[in-house]
Amino acid sequence: RRKYGLIYSGIYNSTSGVNNLNQFIVAEKITKEINPLYGSIQKIHSGWGASGDLIALCEDRIIKILANKDALYNADGNANVTSTNRVLGTATPYSGEYGISKNPESFASEAYRAYFTDKVRGAVMRLSRDGLTAISESGMKDWFRDNLKVNYTVAATYTPGHPNYVPDMLLGSYDDKKQSYNLTLKMNAMPKSTVTFQEDVKGWVSFKSYIPQNAISCNNEYYSFDKGNLWLHHNQAVDRNTFYGVHQPSSVKLILNDAPGTIKTFHTLNYEGSQSKVDKTLSYDTYD
């Protein structure tokens, strides 16, 4: 097993009928090595950005690998990107000591953004054109640090080798219709939960009541799977807050005075909905 390198085959061209995917000629340059200090490569994502480069997500670092080109550096250290015949060119790590740990299932991408978790560092990350950003710090820093733990002191039922043991899973998916990243935490000895990050508010907007086996977006629709069955979300023909045929109650927790020692005036507090309940006065007593 090559944990710190990539091997690529010959070319494939459907137009000219060339298919060399099964050819690995050792006399040619067909390997690309990654620094072992970054940990093993857990996932690779192709077609990143406008130039279609390759992203290698290692345990402790995220690396961008130029595809079909290489970077030539001047004496002053500036890079001039020049097309060459190299399949994989210069590998450059993104700034920030973050990786994907050993949870490649948490990865989800949309256009020029990618989301994943770093379980070792208790963080949820976003990779975009401006680099790496820890989105877990947007109001959920302590929650993720408490719930994204490497080791738990658990009962024998949750240890490897037990027939009921299920490995920890951090399942990530992207909802194209709502433009949100859904992260499902399936951790041993703790309640399962699904949380949602939304770009338009730059924060975590909701806890979800469904725990999918997998989820995916297709043709602007969001689907998830439960016990092998497919479920279409955001369907107007189905009652709200109903998933896999089971209705779940909704709740909203409002924090209006997060700092009790500070006197605040709310200028944007508004109510929209039906008329609130007003109790009619049936009788009263008069005191002198």
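Every heavy atom of this structure was used, including side-chain atoms; hydrogens, water molecules and symmetry mates were not. Because the structure is predicted, anything quoted here is derived from the model rather than measured.
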Item checked: Worked verdict on V195 versus V124 for side-chain contact (heavy atoms from CB on, under 4.5 Å) -> CA-CA 11 Å; V195 291; V124 183; over 6 Å; no

Notebook entry, point to check: Passes side-chain contact (heavy atoms from CB on, under 4.5 Å), H233 versus F243? Steps please.
Noted result: CA-CA 8 Å; H233 292 249; F243 305 100; 3.7 Å; yes

Next item on the list: Take H234 and D175, measure what side-chain contact (heavy atoms from CB on, under 4.5 Å) needs, and give me the verdict at the end.
Entry: CA-CA 10 Å; H234 317 306; D175 187 348; 2.6 Å; yes

Note to self: Set out, in order, the CA-CA distance, both residues' side-chain angles and the distance that settles side-chain contact (heavy atoms from CB on, under 4.5 Å) for Q23 and S9, then state yes or no.
What the structure shows: CA-CA 6 Å; Q23 295 186 13; S9 67; 5.8 Å; no

Notebook entry, point to check: For T117 and N103, what are the C-alpha separation, side-chain angles and deciding distance, and is it a side chain to side chain donor-acceptor pair (under 3.5 Å)?
Noted result: CA-CA 7 Å; T117 63; N103 299 101; 4.7 Å; no

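Grouping the Ile, Leu, Val, Met, Phe, Trp and Tyr side chains by contacts below 4.5 angstrom, directly or via other members, places F116 with Y94. If you chain together hydrophobic residues whose side chains sit under 4.5 Å apart, F24 and I41 fall into the same group. Under the 4.5 Å side-chain heavy-atom criterion for ILVMFWY residues, no single connected hydrophobic cluster contains both I211 and F225. I65 and L37 are not part of a single hydrophobic cluster, where members link through side-chain heavy atoms under 4.5 Å apart. The hydrophobic cluster containing Y8 also contains L6, counting ILVMFWY residues as joined when their side-chain heavy atoms lie under 4.5 angstrom apart, directly or transitively.
The main-chain N or O of G99 is found under 3.5 Å from a side-chain atom of D118 such that the two form a donor-acceptor pair. At least one donor-acceptor pair closer than 3.5 Å links the side chain of Q213 to the backbone N or O of G228. One N or O on the side chain of T194 and one on the backbone of Y210 form a donor-acceptor pair closer than 3.5 Å. Looking only at distances, a side-chain donor or acceptor of D53 sits under 3.5 Å from a matching main-chain atom of A67. A donor-acceptor pair under 3.5 Å links the side-chain atoms of K29 to the main chain of T31, judged by distance alone. Distance alone, capped at 3.5 Å, is enough to place a donor-acceptor pair between the K186 side chain and the P212 backbone.
Surrounding NZ of K192 are at most 12 heavy atoms belonging to other residues, nucleotides or ligands under 6.0 Å away. Surrounding NZ of K32 are more than 12 heavy atoms belonging to other residues, nucleotides or ligands, all under 6.0 Å away. No more than 12 heavy atoms of other residues, nucleotides or ligands sit less than 6.0 Å from atom CG of N219. More than 12 heavy atoms of other residues, nucleotides or ligands sit less than 6.0 Å from atom CD of E221. Within 6.0 Å of CG in L21 there are more than 12 heavy atoms belonging to other residues, nucleotides or ligands. Within a 6.0 Å radius of CD1 in I216, other residues, nucleotides and ligands contribute 12 heavy atoms or fewer.
One distance of note links NE2 of H45 with CG of L54; it measures 9.0 Å at 0.5 Å rounding. K177 NZ to Y223 OH: the interatomic distance, rounded to the nearest 0.5 Å, is 9.0 Å. One distance of note links CD of E199 with OG of S180; it measures 10.0 Å at 0.5 Å rounding. Here the OG-CD distance, from S217 to Q179, works out to 10.5 Å after rounding to the nearest 0.5 Å. The distance from atom CZ of R121 to atom OG of S136, rounded to the nearest 0.5 Å, is 12.0 Å. Note that CD of E137 is 10.0 Å distant from CG of D142, once rounded to the nearest 0.5 Å.
Using a 3.5 Å distance cut-off with no hydrogens or angles, the side chains of S40 and E59 do pair a donor with an acceptor. Counting only N and O atoms by type, the side chains of N182 and Y222 include a donor and acceptor under 3.5 Å apart.
Here the closest heavy-atom approach between residue F107 and residue L57 is recorded as CD1-CD2, 3.8 Å. The shortest non-hydrogen separation linking Y244 to S224 is OH-OG, 2.8 Å. Nearest approach of N241 to S209, heavy atoms of both residues: OD1-OG, 3.9 Å. Nearest heavy atom pair, residue Y38 against residue P93, reads OH-CG, 3.6 Å. Listed here is the closest heavy atom pair of K119 and S101: N-OG, 3.1 Å. Here the closest heavy-atom approach between residue D176 and residue Y174 is recorded as OD1-CD2, 3.1 Å.
K64 places a side-chain heavy atom less than 4.5 Å from the side chain of L66. In this structure, the side chains of L170 and M187 come closer than 4.5 Å at one or more pairs of heavy atoms.
The aromatic rings of W143 and F207 sit perpendicular to each other, their planes meeting at more than 60°, with 30° as the lower class boundary. Between Y181 and Y115, the ring planes lie parallel to each other; the angle is under 30°, not in the 30° to 60° tilted range.
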